[in-house]
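See below for the structure under consideration.
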Amino acid sequence: MVRALTFDVGNTLILASPRFWLLPFLEERGLRPRKDPKAAALAAFRFYEEHHLSARDLETALGLWREFHRRLLAGMGLEDHAEALSQELVARWKDPALWPLTPGAEETLRALKAEGYPLAVVSNWDATLPEILEVVGLKRYFDHLAVSALLGHAKPDPRLFKEALAALGVTPGEAVHVGDSEADLLGAEAVGMRALLFDPLGENPKALSRLQAVLDYLP
């Protein structure tokens, strides 16, 4: 029987693709990418993944985001604007517009809490995540936040999941994890949790395309 759930954040609760947050930001300034945004995003997110575990405090984390934005913008062919815009983006890091919610995210969490399910975040993120979840209105739904940079290990390391399970007071067999990546699946399954793969873009036929569909898998 399912007694608790854990959720990834990037591309699960918050849309990570730059088309949802960076392209509108650029359009407001009369700018458009000159190179492939998808390739630039892949490279920038790879850089972030390689360095985020060291971002255990806000100063380091914001420095990481500044470099992430700079690389992303330069990769889009906007080298002349990269430095100034990266500084502006970091200055606005608490702006909810830069962290657009996945459709149905809050509704799903609200429904789960109404049913009495304990919830936790299990996310590969830096020290900014607790405050980001606060400004987008999702932190109140979670009983615990297992954030990789704050714990010192990242998915698919099972220790991140074990920490969340212990905080929720449930066994692996009593919990379901929802996430968008192979790291989510491998980490959850390594500890004996059931994992639901989610794709907010609806491009993976093996994944849920609506977050509310999580509710259909519960008793």
Side-chain angles (χ1 to χ4, degrees), residues 1-16 45 48-49 52-53 55-56 99-200 204 206-219:
M1 180 177 178
V2 177
R3 293 184 52 220
L5 294 94
T6 63
F7 283 84
D8 175 44
V9 175
N11 268 341
T12 300
L13 299 175
I14 291 175
L15 295 168
F45 278 111
Y48 178 87
E49 284 292 327
H52 83 281
L53 280 180
R56 299 174 183 174
W99 310 105
L101 295 183
T102 299
E106 184 162 13
E107 293 84 349
T108 300
L109 297 176
R110 185 187 302 120
L112 291 169
K113 291 305 290 184
E115 292 293 326
Y117 289 101
L119 305 176
V121 158
V122 177
S123 178
N124 285 357
W125 206 292
D126 58 82
T128 61
L129 186 57
E131 291 190 55
I132 289 171
L133 290 173
E134 183 71 48
V135 299
V136 299
L138 297 187
K139 188 178 179 182
R140 56 183 169 169
Y141 296 108
F142 291 102
D143 303 282
H144 185 71
L145 305 179
V147 183
S148 57
L150 301 180
L151 295 174
H153 33 266
K155 294 179 295 187
D157 192 318
R159 287 178 290 180
L160 208 63
F161 293 88
K162 290 179 179 178
E163 202 268 348
L165 292 171
L168 296 180
V170 297
T171 66
E174 296 174 320
V176 170
H177 178 69
V178 183
D180 72 302
S181 71
E182 184 178 9
D184 287 296
L185 296 180
L186 292 176
E189 292 172 355
V191 298
M193 296 176 66
R194 181 181 180 186
L196 295 177
L197 188 63
F198 173 66
D199 174 17
N204 185 348
K206 297 182 179 180
L208 302 177
S209 59
R210 294 175 55 257
L211 204 54
Q212 294 98 319
V214 170
L215 301 170
D216 298 334
Y217 287 81
L218 303 176

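The structure displayed is predicted, hence computed values, not measured ones.
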Can you tell me if [X] uses its side chain to pair, donor with acceptor, with the backbone of [Y] under 3.5 Å?
X      : Y      : value
Ser181 : Asp184 : yes
Asp180 : Phe198 : no
Lys113 : Pro118 : no

- [ ] Evaluate side chain to side chain contact (heavy atoms under 4.5 Å, CB included) for Leu196 paired with Val176, printing each intermediate quantity in order.
- [x] CA-CA 7 Å; Leu196 295 177; Val176 170; 3.9 Å; yes
Task: Gln212 CD: over 12 foreign heavy atoms closer than 6.0 Å - done: yes
Looking at [atom1] of [X] and [atom2] of [Y], how far apart are the two atoms once the value is rounded to the nearest 0.5 Å?
X      : Y      : atom1 : atom2 : value
Leu53  : Asp126 : CG    : CG    : 10.0 Å
His153 : Glu163 : NE2   : CD    : 7.0 Å
Leu208 : Asp216 : CG    : CG    : 8.5 Å
Leu119 : Thr6   : CG    : OG1   : 9.0 Å
Glu131 : Glu134 : CD    : CD    : 8.5 Å

Task: Arg140 and Glu106 ion-paired at < 4.0 Å - done: yes
Task: Ion pair Lys162/Asp157, N-O distance below 4.0 Å - done: no
Check whether any side-chain heavy atom of [X] sits under 4.5 Å from a side-chain heavy atom of [Y], and report yes or no.
X      : Y      : result
Lys139 : Leu145 : yes
Tyr141 : Leu133 : no
Val9   : Leu138 : no
Val178 : Asp8   : no
Leu150 : Pro130 : yes
Leu160 : Asn124 : yes
Tyr117 : Leu218 : yes
Leu112 : Leu215 : yes

Between [X] and [Y], which heavy-atom pair has the shortest distance, and what is it?
X      : Y      : answer
Pro200 : Leu15  : CB-CD2, 3.7 Å
Leu165 : Thr171 : CD2-O, 4.2 Å
Phe7   : Leu109 : CE1-CD2, 3.8 Å
Leu168 : Leu5   : CD1-O, 4.1 Å
Pro156 : Leu186 : CB-CB, 3.9 Å
His177 : Ala188 : CB-CB, 3.9 Å

TODO: I would like to know whether Val122 and Lys155 meet side chain to side chain contact (heavy atoms under 4.5 Å, CB included); could you show each step before the answer?
DONE: CA-CA 8 Å; Val122 177; Lys155 294 179 295 187; 3.9 Å; yes
TODO: Over 60° means perpendicular and under 30° means parallel, so classify the ring planes of Trp99 and Trp125, tilted if in between.
DONE: tilted
- [ ] Would you check, one step at a time, whether the test side chain to side chain contact (heavy atoms under 4.5 Å, CB included) holds for Ile14 with Ile132?
- [x] CA-CA 10 Å; Ile14 291 175; Ile132 289 171; 3.9 Å; yes
Task: Of Arg56, His52, Glu49, the residue whose pairing with Ser148 passes side chain to side chain donor-acceptor pair (under 3.5 Å) - done: His52
